[in-house]
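Written below as structure tokens is the structure these notes are about.
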Amino acid sequence: MENKMSVAELKERHRAATETVNALRDKLKQKRLLLLDTDVAGYARSQGMTPVTFGPTDLVCCRTLQGHTGKVYSLDWTPERNRIVSASQDGRLIVWNALTSQKTHAIKLPCAWVMTCAFSPSGQSVACGGLDSVCSIFNLNSQTDRDGNLPVTRMLSGHKGYVSSCQYVPDEDSRLVTGSGDQTCVLWDITTGLRTSVFGGEFQSGHTADVLSISINGCNSKMFVSGSCDSTARLWDMRVASRAVRTFHGHEGDVNSVKFFPDGNRFGTGSDDGTCRLFDIRTGHQLQVYYQPHGDNDVPPVTSIAFSISGRLLFAGYNNGDCYVWDTLLGKMVLNLGSLQTSHDGRISCLGLSADGSALCTGSWDTNLKIWAFGGYRRVI
């Protein structure tokens, strides 16, 4: 009986243990900083590299896609041909032909509160999710109903919070990963509508707040990364759902966007703290911070990011309407699309690069999407 500890003693032990863990974490952080003798930009400068330069015709707005009547929240390109799907607060998904600006589908959603959308690898289906906590799949070849609406082909139900992001596993129309406000990510079998794996949740190494973004590794589709309101990004292996492979610290705000670098060994993040960062998945090190000082100390949050085909450029959308093009090697902002006359009138909420890297699409709260075409730099970047 005398072995039983009082509640006060247990609390004291827990407090002491927590202090020890935090102290060790700080020590580890300091050790890592000592090992990081330079960042990518420092090394690139030491090698005599010069920043990418943009002339007035190197990245121009060639099309404005008009049709949504509410804020645009999400967009995705098809892996083949030039089509884009966009999701808006107006409760519709629109599928566009990016070359002609023609709308091929306008899908009325069962739940208007949509937050994310994605094209399947074959381009035959689109997925979307939002505040209804469901990921809905639409087959674009389905017959429309009497009212001209496309029926839902499959509803993926199981999340206990909103669906913030979704992405098909590359080259597979039957598997998809979602991120959710319930702090988990889920791998789905679309054929059966069932969950194959749950990442996080009750597991110690999972996110401790809403998952906001996911990105599947294009070079190894068994790996994906997630960004969360807990200020971290986590790397997951689809074969080992029980625990995150690695957790990446550094941000001081919600991680709103994550995107794998083209080589699959690194990934980028964009955060409410106003910075983008580049991390290495093999070492866990932060390689570079992309940050533009603002005179008024009011740093606009980063809403969305994407890399060029070579990875030399990082595109970042901000909630004040800026869209920066960063030179990833030199950590330098080389162009702000938000300062051009053809720019959006509101927050940049989403952006993405076409599969061949020849065009960038941006979506905004001004209800429009814009397509920016690369001129002379197309082959270099």
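We're numbering straight along the sequence, starting at 1.
Between Gln89 and Tyr73, some side-chain heavy-atom pair lies under the 4.5 Å cut-off. When side chains are defined from C-beta on, Ile348 does not count as touching Leu337, because their heavy atoms never get closer than 4.5 Å. A heavy-atom distance below 4.5 Å is not found between the side chains of Trp326 and Phe315. Side-chain atoms of Asp273 and Val299, non-hydrogen and from C-beta on, never get closer than 4.5 Å to each other. Between Phe199 and Met238, some side-chain heavy-atom pair lies under the 4.5 Å cut-off. Inter-residue side-chain proximity for Val255 and Ser228 is flagged as unmet; no heavy-atom pair is nearer than 4.5 Å. His68 is listed as a side-chain neighbour of Leu369, based on a closest heavy-atom distance under 4.5 Å. A 4.5 Å side-chain heavy-atom check between Leu156 and Ile190 finds at least one atom pair inside the cut-off.
For Phe119, the ring-ring contact (aromatic ring centres under 6.0 Å, His included) criterion is met by no residue, not counting sequence neighbours. In this structure Thr232 satisfies the side chain to side chain contact (heavy atoms under 4.5 Å, CB included) test together with His207, Asp230, Arg234, Thr247, His249, sequence neighbours excluded. Partners of Val245 according to the side chain to side chain contact (heavy atoms under 4.5 Å, CB included) rule, which considers only residues two or more places apart in sequence or in another chain, are Met223, Leu235, Asp237. Contacts of Phe307 classified as ring-ring contact (aromatic ring centres under 6.0 Å, His included), with partners at least two apart in sequence or in another chain: Phe261. Applying the ring-ring contact (aromatic ring centres under 6.0 Å, His included) test to Phe260 and every residue at least two apart in sequence or in another chain returns nothing. With sequence neighbours excluded, the residues satisfying side chain to side chain contact (heavy atoms under 4.5 Å, CB included) with Ser164 are Tyr162. Under the ring-ring contact (aromatic ring centres under 6.0 Å, His included) criterion, Trp77 pairs with no residue, sequence neighbours left out. Residues satisfying the side chain to side chain contact (heavy atoms under 4.5 Å, CB included) test with Thr342, not counting sequence neighbours, are Cys61, Leu340, Trp372.
Remark: Ser364 OG to Asn319 CG distance equals 11.0 Å, nearest 0.5 Å. Going from atom CD of Glu252 over to atom OG of Ser271 covers 8.5 Å, rounded to the nearest 0.5 Å. Here the straight-line distance linking atom CG of Leu140 with atom CG of Leu150 works out to 6.5 Å at 0.5 Å rounding. Rounded to the nearest 0.5 Å, atoms CG (Asp90) and NZ (Lys108) are 11.0 Å apart. Taking CZ of Arg277 as the start and CD of Gln286 as the end, the distance is 4.5 Å to the nearest 0.5 Å. Put simply, CG on Leu93 and CG on Leu75 are 12.0 Å apart, with the number rounded to the nearest 0.5 Å.
No donor-acceptor distance shorter than 3.5 angstrom exists from the side chain of Thr104 to the backbone of Trp96, with no hydrogens or angles considered.
Heavy atoms only, all atoms of each residue included: Leu287 and Arg266 are closest at CD1-CD, 3.5 Å. Smallest separation of non-hydrogen atoms from Gly357 and Ile309: CA-CG1, 3.4 Å. Nearest heavy atoms, Ile371 versus Cys361: CG1-SG, 4.3 Å. Considering every non-hydrogen atom in both Leu109 and Cys128, the closest pair reads CD2-SG, 3.7 Å. Leu176 approaches Cys166 most closely through the heavy-atom pair CD2-CB, 4.3 Å. When every heavy atom of Ser174 is checked against every heavy atom of Thr191, the shortest pair comes out as CB-OG1, 3.6 Å.
Asn256 and Asp254 share no donor-acceptor pair across their side chains, judged by distance under 3.5 Å alone.
Each of Phe267 and Leu353 belongs to its own hydrophobic cluster when Ile, Leu, Val, Met, Phe, Trp and Tyr are linked at side-chain heavy-atom distances under 4.5 angstrom. Both Ile305 and Leu330 belong to a single network of hydrophobic side chains, linked directly or stepwise wherever heavy atoms of I, L, V, M, F, W or Y lie under 4.5 Å apart. Follow the hydrophobic side-chain contacts under 4.5 Å out from Tyr168 and you never reach Val152; the two are in separate clusters.
With respect to the salt-bridge test (charged N to carboxylate O, under 4.0 angstrom), the residues Arg13 and Glu9 do not qualify. Arg282 has a carboxylate O that lies under 4.0 Å from a charged side-chain N of Asp280, or vice versa, which qualifies the two as a salt bridge.
Other residues, nucleotides and ligands contribute at most 12 non-hydrogen atoms within 6.0 Å of the OH atom of Tyr43.
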Dump the intermediate steps for side chain to side chain contact (heavy atoms under 4.5 Å, CB included) on Val163 and Met115, then the final yes or no. CA-CA 7 Å; Val163 175; Met115 298 174 75; over 6 Å; no
Between Tyr290 and Leu278, is a side chain to side chain contact (heavy atoms under 4.5 Å, CB included) present by the stated rule, with each step listed? CA-CA 8 Å; Tyr290 303 93; Leu278 186 65; 3.8 Å; yes
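Residue pairs meeting the salt bridge (charged side-chain N to carboxylate O under 4.0 Å, His left out) criterion with at least one member in residues 169-188, sequence neighbours excluded: Glu172-Arg175. For residues 332-341, the set of pairs meeting the salt bridge (charged side-chain N to carboxylate O under 4.0 Å, His left out) definition, not counting sequence neighbours, is empty. Pairs engaging residues 344-355 under the side chain to side chain donor-acceptor pair (under 3.5 Å) rule: His344-Thr362, His344-Asp366, Ser354-Asp356 [sequence neighbours left out]. Legend: side chain to side chain donor-acceptor pair (under 3.5 Å) pairs involving residues 135-151, not counting sequence neighbours, sorted by first then second residue: Gln124-Asn141.
Relative orientation of the His159 and Trp188 rings is perpendicular, given thresholds of 30° and 60° on the angle between their planes.
No option in Asn336, Val302, Thr303 other than Val302 meets the side chain to side chain contact (heavy atoms under 4.5 Å, CB included) test with Tyr318.
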